[in-house]
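Here the structure comes first, spelled out in structure tokens, and everything after it is commentary.
Naming convention: chains lettered A, B, ... in sequence-line order (proteins, then strands); numbering from 1 in each chain. Keep in mind that the numbers below use all heavy atoms, side chains included, and drop hydrogens, waters and symmetry copies. Since this is a predicted model, take the numbers as computed values, not measurements.
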Amino acid sequence: MPELPEVEILARHLRPLLVGKRVRMVTVLRAKAVRPLGAERFRELLNGAEIRALGRRAKYLCFDLAMERGLKPRRMLGHLGMTGRMYLQPSGAPQARHASVVIGLGPEDWVFEDSRQFGGLTFEVQRLEGLGPEPLDEGFTEALLRSRLGESSQAIKVRLMDQRVLAGLGNIYASEALHWAGIAPHRPAWGLKRRELARLCDGIRSVLETAIRTGESMLLDFAGSGAGDGLFYYGRGPEAAETSEERFRVYDRAGQPCRECSEPIVKSVLGGRSTYACGRCQR
DNA sequence: CACCATGTTCCTTG
DNA sequence: CCAAGGAACATGGT
């Protein structure tokens, strides 16, 4: 469940459940999830911590931890990779097959589950250092976007997905924002006019905000115990029946009609990733 | 069996 | 130095 909106929704969901709780037990089931520290060392650093705050930076969850006995506060980062999930369950409940780390909080367990194991928990806070600006911050303007893109000749979509350029966009929302803005994904970044950059800026904000609102409006099942269905929100109830075809403007809609002009959406590959666009609306 | 998948990092090639 | 492409990472869905 990984791009900025999904991580943001997860952070908002977990915040009231975790803040104020203390870590009583740490069980690492897959050492890979806590690299490079290793299970033993990771447990030492986390055990006894009280969760003071939970935030998000790019696609990272940021846990601010207060330690016992006058030890310095620590910050732990969580990244979901492609398939990471995080949720609470009653302690002693049956373990998910791909549970990577289980953190006992007393009456509940805080579970990090990740079938593909591309994600992880880390204390390497330097990972945040090179990240680009947050697109939902006040200061994210056409001028900032222009300066971040620089004189690069890379395809704009590839550039938007570079976390050092801009934080939080992934393969889905990069395609979505470009369609919103009417810009073809393969255009070299340096060739974009100011008008186009201003539209792109609005498009990025708009698709991210819409996705966050969608997540907020759904009843979510963060454990995803139900049928995983290619959505990044695991919903329950009547609202949850939407497919990606309805949720997205272009992503995963190859051959389907563009919502603006009915031209079929075209799939291509950029930077090794599937890319979706309307050849008529996006120039 | 084949191919695809929300992410990131590393390596090679041009 | 830069850009592009591929592979790797592990597993599951279609």
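At the phosphate of B:dT8, neither OP1 nor OP2 sits under 4.0 Å from any side-chain N or O atom of A:Arg164.
Nearest nucleotide to the A:Ser274 side chain, out of B:dG7, C:dG12, B:dC4: B:dC4. Checked against B:dT9, C:dT11, B:dT6, the side chain of A:Glu3 finds its nearest nucleotide in B:dT6. When the nucleotides B:dG7, C:dA3, B:dT6 are ranked by their closest atom to the side chain of A:Met161, B:dG7 comes out on top. For A:Ser115, taking side-chain heavy atoms from C-beta onward, the closest of the listed nucleotides C:dG12, C:dA3, B:dG7 is C:dG12. Across B:dT8, B:dC4, C:dT11, the shortest atom-to-atom separation from the side chain of A:Lys267 is found for B:dC4. Comparing C:dC9, B:dG7, B:dT8 against the side chain of A:Gln163 picks out B:dT8 as the nearest.
Stacking of A:Phe118 onto the six-membered ring of C:dC9 is present: less than 5.5 angstrom between centres, less than 30° between planes.
Among the atoms of the strands shown, only primed sugar atoms or phosphate atoms (P, OP1, OP2) are found under 4.0 Å from some heavy atom of A:Arg97. Backbone-only contact: A:Arg30 has heavy atoms under 4.0 Å from sugar-phosphate atoms and none from a base. Among the atoms of the strands shown, none is found under 4.0 Å from any heavy atom of A:Arg35. Residue A:Ser152 is classed as a sugar-phosphate contact, given heavy-atom separations below 4.0 Å to backbone atoms only. Across all strands, A:Gly272 comes closer than 4.0 Å to no nucleic acid atom at all (heavy-atom distances).
Counting only Watson-Crick and G-U wobble pairs whose two distances sit under 3.5 Å, DNA chain C takes part in these stems of three or more pairs: B:2-5 with C:11-14, B:7-14 with C:2-9.
For B:dT8 and C:dC1, the C1' atoms lie 22 Å apart once the distance is rounded to whole Å. Rounded to whole Å, the separation between the C1' atoms of C:dC9 and B:dC1 comes to 22 Å. Comparing the same atom, C1', in C:dA4 and in B:dT6 gives a spacing of 22 Å after rounding to whole Å.
To the nearest 0.5 Å, the span separating OH on A:Tyr87 from CH2 on A:Trp110 amounts to 13.5 Å. With rounding to the nearest 0.5 Å, the separation of CD1 in A:Ile156 from CD in A:Gln282 is 12.0 Å.
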